[in-house]
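Nothing fancy with the numbering, it's 1 onward along the sequence. What's counted below: heavy atoms across the whole structure, side chains too, no hydrogens, waters or symmetry copies.
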Amino acid sequence: MTIREKIPDGLTRRTQYFVRIHGYRIPDPGVEQHRAQWLEHGIPAAEIDRAVAYQEIWGGIALPPSPHYDGGPSSLSADVPEGAKAEGWWFRAGPQRTALPYSFMIGPEGEFGIHAGTWVSLHGSIAGWVESMALADHARRCARTITTVTGEAVEALQLDGLEPVLEVAGRADTWWRGADSLVAVYRGEAECMLASQCRMATIYSGLDEWGLKGLGA
């Protein structure tokens, strides 16, 4: 089922267009039906409410693969919250497309990230993750040249003077906007798996004013 209505609120025009044109919604039964069972297992009602609220907004939305993390979640769908009062609670953001050593999760403060024993917040919200996917799709289409660097070369990038792209709510992963370029920096896998060689950055160059933002974003 294509997405023509009920696009989640608060997205830029660029990302609304991306979700509407490239996304679709699959049937998803939701998680409210599990409330009584989860309460019996000691999961706080407030954490169940968070999962239900996520599901009501994002549940069943399937988007094209992201350029990293082996494409990201195959669709957005909440699952049973995991955690404890002392460390906080997480729930699944959606199933992986491929076999990965980590899961995509929504964190204690609503962050989107990856968890494999070590929790790494990639973006401050699920909306930030979707914004980053839309921006990557837009930049790829508009850039004259695309350059990828890895490992230590990522730390050598000159980001001074560039402005952060705030709509992606960057944490471990960030986007930067220059005079004619966009730079995406991915540190999530490196931090989660303690593998510095997994650091990666993509530089999209040769962008005009519309290419830097797109659709008035």
Side-chain angles (χ1 to χ4, degrees), residues 1-83 88-100 102-116 119-137 167-173 188 192 217:
M1 177 171 57
T2 58
I3 300 175
R4 296 297 178 187
E5 299 178 355
K6 297 184 178 179
I7 300 294
D9 294 334
L11 300 175
T12 61
R13 288 179 59 200
R14 177 188 59 239
T15 301
Q16 292 176 30
Y17 176 85
F18 174 76
V19 173
R20 183 177 297 111
I21 298 301
H22 300 292
Y24 60 96
R25 194 182 293 270
I26 62 176
D28 194 301
V31 295
E32 180 64 49
Q33 60 185 317
H34 303 298
R35 180 180 292 271
Q37 180 183 9
W38 290 354
L39 286 170
E40 289 178 0
H41 284 81
I43 298 172
E47 300 304 325
I48 300 174
D49 290 343
R50 284 207 308 137
V52 169
Y54 174 87
Q55 190 72 20
E56 288 178 347
I57 297 172
W58 300 98
I61 293 180
L63 299 169
S66 71
H68 299 289
Y69 304 99
D70 278 1
S74 59
S75 64
L76 302 180
S77 180
D79 204 344
V80 55
E82 307 170 14
W89 290 81
W90 292 259
F91 59 85
R92 187 180 68 170
Q96 301 98 318
R97 294 175 190 269
T98 59
L100 294 168
Y102 48 78
S103 299
F104 297 103
M105 307 289 281
I106 300 298
E109 302 299 326
E111 320 96 310
F112 174 88
I114 55 177
H115 205 311
W119 161 247
V120 176
S121 172
L122 304 181
H123 299 271
S125 63
I126 182 62
W129 162 260
V130 178
E131 289 279 358
S132 74
M133 291 182 61
L135 188 55
D137 179 77
E167 59 263 30
V168 305
R171 298 291 178 84
D173 291 355
C192 185

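- Across all non-hydrogen atoms, the minimal contact from S75 to P95 is O-CD, 3.5 Å.
- Salt-bridge formation is not detected for the pair R14/D137: no Lys NZ or Arg NE/NH1/NH2 atom is positioned less than 4.0 Å from an Asp or Glu carboxylate oxygen.
- Looking only at side-chain heavy atoms (C-beta outward), F91 and E47 stay at 4.5 Å or farther from each other.
- With hydrogens and angles disregarded, a donor-acceptor distance shorter than 3.5 Å links the side chain of H123 to the backbone of V168.
- Here the closest non-hydrogen pair linking P44 and L39 is C-CD2, 4.5 Å.
- Within the 4.5 Å cutoff, the side chain of I106 has heavy atoms near those of the R50 side chain.
- Residues P108 and W89 have side chains not in contact (no heavy-atom distance under 4.5 Å, counting atoms from C-beta outward).
- Side-chain atoms of Q55 come within 3.5 Å of backbone atoms of A78 as a donor-acceptor pair (strictly under, hydrogens ignored).
- V80 and W38 get closest at one heavy-atom pair: CA-CZ2, 3.4 Å.
- The minimum heavy-atom distance linking S77 with D28 is given by the pair OG-OD2, 3.0 Å.
- Under the 3.5 Å distance criterion, the side-chain polar atoms of Q16 are matched with a main-chain donor or acceptor of L11.
- Legend: salt bridge (charged side-chain N to carboxylate O under 4.0 Å, His left out) pairs involving residues 60-81, not counting sequence neighbours, sorted by first then second residue: D79-R92.
- Closest non-hydrogen pair, V120 versus A172, comes out as CG1-CB, 3.7 Å.
- Side chain of Q96 to backbone of F104: no donor-acceptor contact under 3.5 angstrom is found.
- Remark: side-chain polar atoms of R97 are paired, donor with acceptor, to backbone N or O of G71 under 3.5 angstrom.
- Here the shortest heavy-atom pairing between Y54 and A93 reads OH-O, 2.7 Å.
- In this structure the side chain of W129 reaches within 4.5 angstrom of the side chain of S66, judged on heavy atoms.
- In this structure, R25 contributes its side chain and G59 its backbone to a donor-acceptor pair below 3.5 Å.
- Using a distance-only test at 3.5 Å, with no hydrogens or angles considered, no donor-acceptor pair links the side chain of Q37 to the main chain of R35.
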